[in-house]
Amino acid sequence: MGQNKSVDFATGLFIFLGLAAMFFLLTQTTNIEAYGDEGYTVTARFSNIGNLKERAPVSLSGVTIGRVKKIEVDPERLDAVVTFTIDSRYSAIPADSSVSILTAGLLGEKYLGIEPGGDIENLKDGDEVLFTQSAVVLENLISKYLFDTASGGEE
Amino acid sequence: MRLVRELRDNSVEFLTSFGSAVIFFLRLLAYTPRALLRPRLVLRQVYVVGAESLVLIMMAGLFVGMVLGLQFYTTMAKFGAEQSLGAVVVLALVRELGPVVTALLFAGRAGTALASEIGLMKATEQLSGMEMMAVDPVRYVIVPRFLGAFIAMPLLTAIFNAIAILGSWWVAVQLMGLDNGQFWSPMPDNVDVFDDVLGGVLKSVFFGAAAGLLAVFEGFRAYPTAEGVSRATTRTVVMTAMAVLVLDYMLTAILI
Amino acid sequence: MRQEETLIEIRGLKYRRGDKVIFDGVDLDIPAGKVTALMGPSGTGKTTLLRLITGQLAPDEGTIRVAGQEVARLDRSELYALRRRMGFLFQNGALLTDFTVFENVAFPLREHTDLPEALIRDIVLMKLQAVGLRGTVDMMPSELSGGMARRVALARAIVMDPEMIFYDEPFVGLDPISMGQIVRLIKQLNETLGLTSIVVSHDVQEISTVADQLYLLSNGKIVGSGAPKALREDNSPWVRQFMQGLADGPVPFHYPAPSLEEAFLDREDKE
């Protein structure tokens with residue numbers, strides 16, 4: 001039966017190696033920690049989200065403190081409702097803070113940036129952030145610039 | 001005219017084979033629950049199949065990873081994009097190269113071994129012998145081997161990927177002088193657990209089923225002579241390679 | 001002993017492989033407790049007949065009844081139940097190459113019974129002792145000679161104590177000593193265990209010493225039957241050719257071909 005034991009050992013070793021490799025791939029190379037639901041959930045309304053995506057980072061002073069969880073359109077008010085989670089370590093964010101959709105670099109990925117306010121009350125699970133700033137859409141910016149200069153010239 | 005006739009004959013033969021492979025697959029599925037009641041037979045095949053291919057898979061993974069590191073580093077450095085190297089290597093591996101290369105190597109090593117083993121058991125009447133001892137050879141021989149391949153493939157793919165990433169890390173960071181942090185840091189932002197890694201695992205699961213099925217199928221229907229067994233072995237490699245590449249395209253199209 | 005009870009009964013058996021007719025109306029009775037030999041030249045389908053009787057193949061027409069059950073009508077579990085009452089010795093033994101001699105002989109016990117390990121060991125050693133190969137218990141099949149492999153396979157065939165045992169060409173490719181041992185075993189097993197033995201062979205001399213009854217097959221039909229002694233004195237030309245091993249007779253020496261003159265003249269014409 002000694003032979004049987006060494007076969008068992010090798011089988012175990014092979015399966016262990018495979019699972020260890022899988023674990024390495026998942027933890028070292030992926031965004032798996034973005035799926036951890038540790039924290040509280042807050043919503044915010046925007047008239048335009050640009051190309052913000054689910055699981056985009058939420059940052060405060062340039063540090064990632066959470067992730068976008070869900071993006072949907074409110075069928076009545078016809079604006080975008082963005083739901084995002086904030087790590088529970090950062091529980092002392094004032095309730096009147098503002099949220100903007102920003103771009104990493106000139107053409108990079110969109111992310112949510114939080115600008116802290118001065119309220120004594122803090123944001124809690126299920127709250128809605130009232131002060132928001134939508135994404136800056138490059139086409140709108142350009143056409144607005146052109147329109148402004150054109151109308152300015154008439155005056 | 002001859003060409004037309006040959007084309008027609010070949011396609012009829014292909015469709016017949018395809019049909020019988022599908023029927024055989026359904027038969028294996030029907031047997032699977034009972035086979036799992038005897039995990040020892042299945043685990044033994046996981047070991048045989050896995051251990052047979054492990055060294056090959058590890059060597060291949062190491063060199064594929066090193067080549068990727070070298071190629072991507074030199075080309076991406078031209079555009080000053082070498083800080084994305086780590087993410088590009090991981091994406092190429094987990095989405096595409098890992099599952100496909102592992103499955104092709106598996107077909108060459110373990111698939112042929114399975115097909116010729118079963119073919120030989122048939123040629124030496126071992127399968128008929130079981131049949132006469134009132135032991136169903138499909139349950140005792142075929143299904144455990146199919147399941148063994150099916151379970152081993154995702155594990156082998158993961159090992160291939162992990163070693164390939166380390167191989168490209170070694171070339172890019174140790175040899176070419178890329179910063180260690182620049183290699184690892186772009187990965188989490190660009191590699192998604194579900195879309196990329198688990199999508200790749202899903203591919204390897206399908207490839208495992210296809211490679212396992214074709215190996216036992218070709219072995220089981222081999223003509224029980226020396227020539228028949230060698231033909232079955234060749235067909236296993238050819239059919240598995242075709243099946244893997246076709247499945248790869250279909251799965252990629254679905255997963256994107 | 002129950003005399004003249006028929007264990008296997010075949011009526012009007014027809015079987016075709018592709019366009020080739022293998023059996024064209026075969027009737028056969030195999031009595032219980034005796035050694036019956038099925039003989040005939042190579043390629044007459046003797047082995048096919050065994051496969052039909054044991055349900056590995058199904059006949060195109062006719063019936064095969066074994067112990068009162070029609071083999072072709074059994075479902076899988078009934079067929080397997082019937083097969084547990086059968087032992088089958090394949091031409092080359094068909095031992096499982098991955099297993100030791102011990103595990104090979106123990107295989108049916110492990111698959112079909114829940115006997116404790118100690119009892120399995122006793123049974124296996126007993127059966128190996130019966131074929132004279134208890135000393136090979138830890139060897140692998142590849143270490144055995146052809147004759148020994150066949151004897152181990154015989155031990156495996158009788159490990160479940162079957163009622164009937166089928167021998168498929170048991171003498172092919174054996175040296176005279178091994179052949180003598182197998183002949184002795186067939187006889188011994190038949191006498192001591194009361195088995196019904198069915199032997200397929202074309203070795204007239206060997207089989208005559210063990211068989212109670214012979215059937216001669218040719219061209220899909222039974223061409224002669226009876227006790228070995230009676231058959232040796234049979235006057236039909238076919239039986240005589242087979243039993244005495246004559247080169248020419250009803251089975252011609254020359255394979256059918258165009259006449260000699262034509263074949264040679266043809267060639268001259270072309271040149």
Side-chain angles (χ1 to χ4, degrees), chain A residues 1-38 51-59 62-71 85 87 102-112, chain B residues 39-40 42-55 57-58 61 86-91 93-95 98 102 148 151-166 168-169 183-201 204 208:
Chain A
M1 291 290 120
Q3 202 195 350
N4 236 338
K5 272 221 172 95
S6 67
V7 169
D8 287 2
F9 171 76
T11 312
L13 182 69
F14 169 65
I15 293 177
F16 174 79
L17 270 181
L19 294 179
M22 201 90 81
F23 180 77
F24 166 78
L25 289 177
L26 288 177
T27 54
Q28 294 305 301
T29 67
T30 70
N31 54 350
I32 192 163
E33 85 281 2
Y35 288 92
D37 261 343
E38 295 288 302
N51 58 350
L52 184 75
K53 302 229 171 63
E54 288 184 13
R55 291 193 299 278
V58 176
S59 84
V63 180
T64 302
I65 60 165
R67 297 269 167 184
V68 172
K69 205 170 161 194
K70 198 168 62 181
I71 299 171
T85 54
D87 198 297
L102 303 171
T103 310
L106 190 62
L107 295 165
E109 293 284 299
K110 292 276 190 285
Y111 67 98
L112 283 186
Chain B
R40 197 152 249 294
V42 177
L43 278 180
R44 196 184 148 69
Q45 292 307 320
V46 172
Y47 162 72
V48 171
V49 163
E52 253 169 10
S53 330
L54 189 60
V55 174
I57 294 288
M58 288 169 85
V88 171
V89 165
V90 171
L91 285 176
L93 280 171
V94 298
R95 289 180 68 96
T102 308
I151 294 170
M153 185 75 86
L155 297 173
L156 287 170
T157 305
I159 292 171
F160 179 94
N161 283 339
I163 291 195
I165 290 168
L166 295 179
S168 71
W169 170 83
F183 182 81
W184 295 107
S185 65
M187 292 182 196
D189 284 338
N190 293 292
V191 183
D192 188 72
V193 184
F194 292 99
D195 293 349
D196 300 322
V197 177
L198 292 184
V201 171
S204 69

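Within every chain, numbering begins at 1; the chains are lettered A, B, ... in the order of the sequence lines, protein sequences first and strands thereafter.
Both the backbone and the side chain of B:Val46 have a heavy atom closer than 4.5 Å to some heavy atom of chain A. Of the atoms belonging to B:Val48, not a single heavy atom falls under 4.5 Å from chain A. The parts of A:Leu19 that come within reach of chain B are both its backbone and its side chain, each placing non-hydrogen atoms under 4.5 angstrom from that chain. Within the 4.5 angstrom heavy-atom criterion, no atom of B:Ile57 approaches chain A. Only the side chain of A:Leu26 has a heavy atom closer than 4.5 Å to any heavy atom of chain B. Contacts between B:Ala152 and chain A at a heavy-atom distance below 4.5 Å involve backbone atoms as well as side-chain atoms. Residue contact with chain A, scored on non-hydrogen atoms closer than 4.5 Å, involves the side chain of B:Ile165 exclusively.
The pair A:Arg67-A:Asp87 fails the salt-bridge criterion, with no side-chain N (NZ, NE, NH1 or NH2) lying under 4.0 Å from an Asp/Glu carboxylate O.
Checked against A:Pro57 for a side chain to side chain contact (heavy atoms under 4.5 Å, CB included), the options A:Ile65, A:Thr64, A:Val68 give a single hit: A:Thr64.
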Practice task
Apply side-chain contact (heavy atoms from CB on, under 4.5 Å) to the pair B:Arg40 and A:Asp8, showing each step before the final yes or no.
Solution key: CA-CA 10 Å; B:Arg40 197 152 249 294; A:Asp8 287 2; 3.2 Å; yes

Exercise for the section: Please step through salt bridge (charged side-chain N to carboxylate O under 4.0 Å, His left out) for the pair B:Asp192 and B:Arg95, ending with a clear verdict. Expected result: CA-CA 11 Å; B:Asp192 188 72; B:Arg95 289 180 68 96; over 6 Å; no

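Remark: the A:Thr85 side chain and the A:Lys69 side chain contain no N/O donor-acceptor pair separated by less than 3.5 Å.
Side-chain contact between B:Leu43 and A:Ile15 is present, with heavy atoms from C-beta onward closer than 4.5 Å.
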